[in-house]
Visitor: 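Please read through the structure below; I'll follow up with questions.
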Protein chains: 2
Amino acid sequence: MARKSGSDGKKTAQVLRAAATRLFAQYGYAAVSMRQIAAEVGVQAGALYLYTPDKQTLLFQIMDRHMDDLLTAWQGESADSPADPMARLEQFVRFHIRFHLQRVDGVFIAYMELRNLSKENFAVIEAKRRQYERLLEAILQDGSAAGRFELCDSKLSSYAIIAMLTGVTTWYRDDGRLSVEKIEEIYLCMVRGLVMQGSAKTGS
Amino acid sequence: MARKSGSDGKKTAQVLRAAATRLFAQYGYAAVSMRQIAAEVGVQAGALYLYTPDKQTLLFQIMDRHMDDLLTAWQGESADSPADPMARLEQFVRFHIRFHLQRVDGVFIAYMELRNLSKENFAVIEAKRRQYERLLEAILQDGSAAGRFELCDSKLSSYAIIAMLTGVTTWYRDDGRLSVEKIEEIYLCMVRGLVMQGSAKTGS
DNA sequence: TTGCTATTTGAACAAATGTTCAGTTAGTTT
DNA sequence: AAACTAACTGAACATTTGTTCAAATAGCAA
C-alpha cells in the first residue's frame with residue numbers, strides 16, 4: 001500500500017524489461033503472467049502498469065528494441081565495410097553470430113513470439129526483419145555481380161544463411177567445447193562453401 | 001446434453017488432432033484454449049476429455065506423432081539408400097524438404113512448442129529430435145571418411161544443414177515463385193557447396 | 001422393442017488472468 | 001516543516017481457464 005524504500009522508476013523499468021525478456025524467452029509470452037513478471041521484478045502486478053500500458057506493448061517493445069539494436073549495431077559495424085564482397089560477407093557472419101550469442105533471449109523472442117504480436121505490431125517487426133535480411137541479400141548480390149560468388153539462388157541463399165546463423169542460438173552453450181571465435185570460423189567456412197558452390201563444381 | 005446425430009468417436013478424434021495442430025501452430029499452445037479447439041471441432045470443451053486426458057497430453061501426442069512419422073518415413077525412404085555419400089545426402093535433403101513442406105503446421109509445433117512440454121514429455125521429444133539429427137550427422141561423417149566431403153566441422157555442419165532446411169517452412173508458400181522440386185534443387189546446390197568447402201578452397 | 005454403449009451437452013468448480021485505482025508511503029522541492 | 005510528486009500496494013473487477021460429471025440422446029446389438 002506504499003512506495004518501497006529506495007524505489008527508483010528508471011531502475012525498475014530496466015529490471016522489468018530484463019525480467020520480461022528472460023521469462024518470455026524461457027516460457028513463452030502467453031504462458032507467463034504479469035503477476036509472474038512482477039514477482040521477478042519484486043513488485044506487485046499493478047505496479048507494472050506504470051511502465052507499460054499493457055502486456056502486448058511490453059512484448060512489442062522488447063522485440064522492437066532488439067531489432068533496432070541489431071540494425072543500429074550493424075550500421076556501426078559496417079561503417080568501414082571492406083570493398084571485397086567476401087570480406088563483407090565475413091564481416092556480416094561474424095557480426096551476426098557475435099551479436100546473437102550476446103542476446104540469446106532477445107533473439108529467441110524475436111523469432112518465437114511473432115505469432116503473439118497484434119497485426120499492427122507484427123507489421124512493424126516484420127518490416128525490420130526484412131530490412132535486416134536484405135542487408136545480407138545485398139552483400140550476396142554484389143558478390144555475385146562482381147564474379148566473386150556463384151550462388152545457387154540469391155534470395156534463398158540469404159534465407160538459408162540467416163537460418164543457419166540464427167540456429168546457432170539453439171544449441172550454443174557458454175561452457176561448450178567451442179569458443180565464439182571458433183564457431184565464427186566454422187560458420188564462415190560453411191557459408192563460403194555455400195556461396196562459392198559454382199567453384200566447387202568446376203573443382204571436382 | 002445429448003449425443004449429436006451422426007457422431008463417430010474415431011472421426012471426432014481425427015478432427016480434434018487436426019484442429020489442435022492447426023490452432024497450436026497458428027496461435028501457440030498457451031494462447032489457444034480448449035474451448036477454442038472444441039469450437040473448431042464442433043463440440044463443447046467437455047467432449048474433448050473423451051479423447052485426451054488433458055491439454056498437455058494433447059500437445060505431446062501431436063509432437064510425438066510428428067516425430068514418429070518423420071523417423072518412420074525416413075526409414076522407408078532410406079531402405080534402398082545409395083552407397084555414395086553424396087547421393088545419400090541428396091536423398092536426405094530432398095526427403096527433409098518434401099516431408100516438412102507437407103506438414104508445415106506439425107513442423108512448426110515440433111520446433112516452437114518445446115518450451116510448453118513438461119519435463120518428461122520434453123525428454124521424449126528431444127530424444128527423437130536428436131535421433132533425427134544423428135541421421136544426417138552419420139551421412140556427413142561417412143562422406144568425410146570416404147573422402148567425398150570436406151567438412152568445416154562434422155557436428156556443426158549437421159546443425160547448420162538442419163537449420164537451413166527446416167527454415168524453408170518459415171517462408172514457403174504453395175503459390176510462390178518456386179516449386180517444391182526447384183526448392184529442393186537450390187537447397188541441394190547450397191548443401192553441396194557447404195559440405196565440399198575444402199574443394200572450393202583449392203579451386204580458388 | 002428393449003437394453004446397452006457411445007458420444008455429447010451444459011453447467012459447475014476452483015483457480016487464474018489482465019487491468020484498474022484509491023490509498024499509502026518515500027523522495028524531492030519549496 | 002509543509003507541500004508536492006513518484007512509486008508502490010492490495011483488492012477489486014470482469015472474464016477466462018482446464019477439467020469434471022450427471023444427464024440426455026443416438027447408435028447398435030440382442
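Atoms considered below: every heavy atom in the structure, side chains included; atoms not considered: hydrogens, waters and symmetry mates. Chain letters run A, B, ... following the sequence lines, proteins first, then strands; residues in each count from 1.
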Visitor: Is any side-chain heavy atom of B:Leu194 closer than 4.5 Å to one of B:Ser157?
Guide: yes
Visitor: Between B:Arg35 (CZ) and C:dA12 (C1'), how many Å, whole number?
Guide: 11 Å
Visitor: Could you tell me the separation between the CD1 atom of A:Ile37 and the P atom of C:dT17, rounded to a whole number of Å?
Guide: 11 Å
Visitor: Quick one: which of D:dT19, D:dC8, C:dT8 gets closest to the side chain of B:Ser7?
Guide: C:dT8
Visitor: Would you call B:Glu185-B:Lys182 a salt bridge at under 4.0 Å N-O?
Guide: no
Visitor: Could you state the atom-to-atom distance from NZ of A:Lys11 to P of D:dC8 in whole Å?
Guide: 10 Å
Visitor: Provide, to the nearest angstrom, the distance between the CG atom belonging to B:Asn116 and the P atom belonging to D:dG18.
Guide: 12 Å
Visitor: Only one of B:Tyr187, B:Trp171, B:Tyr172 passes ring-ring contact (aromatic ring centres under 6.0 Å, His included) with A:Tyr159; say which it is.
Guide: B:Trp171
Visitor: If I take atom NZ in residue B:Lys10 and atom C1' in nucleotide D:dG27, what distance separates them, rounded to the nearest angstrom?
Guide: 16 Å
Visitor: Between the protein and nucleotides 3-6 of chain D, list the N/O to N/O atom pairs that are separated by less than 3.5 angstrom.
Guide:
unit_1	atom_1	unit_2	atom_2	d
D:dA6	N3	A:Arg3	NH1	3.2

Visitor: Quickly work out the A:Lys55 NZ to C:dT17 C1' distance and round it to whole Å.
Guide: 8 Å
Visitor: Scan B:Leu114, B:Asn121, B:Asn116, B:Leu58 and name whichever one has a side chain to side chain contact (heavy atoms under 4.5 Å, CB included) with B:Met63.
Guide: B:Leu114
Visitor: What's the CD-C1' distance between A:Gln36 and C:dA15, to the nearest Å?
Guide: 14 Å
Visitor: Select one nucleotide: of C:dT19, D:dT9, D:dG18, the one nearest the side-chain heavy atoms of B:Ser33.
Guide: D:dG18
Visitor: Salt bridge check, B:Arg148 against B:Asp142: does any charged N sit closer than 4.0 Å to a carboxylate O?
Guide: no
Visitor: Name every residue in residues 13-32 of chain B that has at least one heavy atom under 4.0 Å from any atom of DNA chain C, in order of residue number, or write none if there are no such residues.
Guide: none
Visitor: Under the side-chain contact (heavy atoms from CB on, under 4.5 Å) criterion, do A:Leu70 and A:His100 qualify, and how do the steps go?
Guide: CA-CA 9 Å; A:Leu70 176 63; A:His100 283 68; 3.8 Å; yes
Visitor: Of the options D:dA26, C:dT9, D:dG10, whose atoms approach the side-chain atoms of B:Gln44 most closely?
Guide: C:dT9
Visitor: Would you kindly compare B:Gly6 and B:Ala47 by the position of their nearest DNA chain D nucleotide and give the one closer to the 5′ end?
Guide: B:Ala47
Visitor: Counting just side-chain N and O atoms, does A:Lys4 come under 4.0 Å of either OP1 or OP2 of C:dA26?
Guide: no
Visitor: Looking at side-chain heavy atoms only, is the closest gap between A:His96 and A:Tyr132 below 4.5 Å?
Guide: yes
Visitor: Should B:Arg17 and B:Ile62 count as side-chain neighbours, where that means a heavy-atom distance under 4.5 Å?
Guide: yes
Visitor: Go through the steps for B:Gln91 and B:Ser81 under the test side-chain hydrogen bond (donor to acceptor under 3.5 Å, both in side chains), then give the verdict.
Guide: CA-CA 8 Å; B:Gln91 187 181 31; B:Ser81 231; 2.9 Å; yes
Visitor: Flag the pair A:Glu126 and A:Arg129 as a salt bridge only when some basic side-chain nitrogen lies within less than 4.0 angstrom of an acidic carboxylate oxygen.
Guide: yes
Visitor: Would you mind reading off the distance between B:Leu48 atom CG and C:dT7 atom P, rounded to a whole angstrom?
Guide: 14 Å
Visitor: If you check the B:Met34 side chain, which of C:dT19, D:dT19, C:dT8 turns out closest?
Guide: D:dT19
Visitor: Between D:dC8, D:dT19, C:dT9, which nucleotide has the shortest distance from any of its atoms to the side chain of B:Tyr49?
Guide: D:dT19
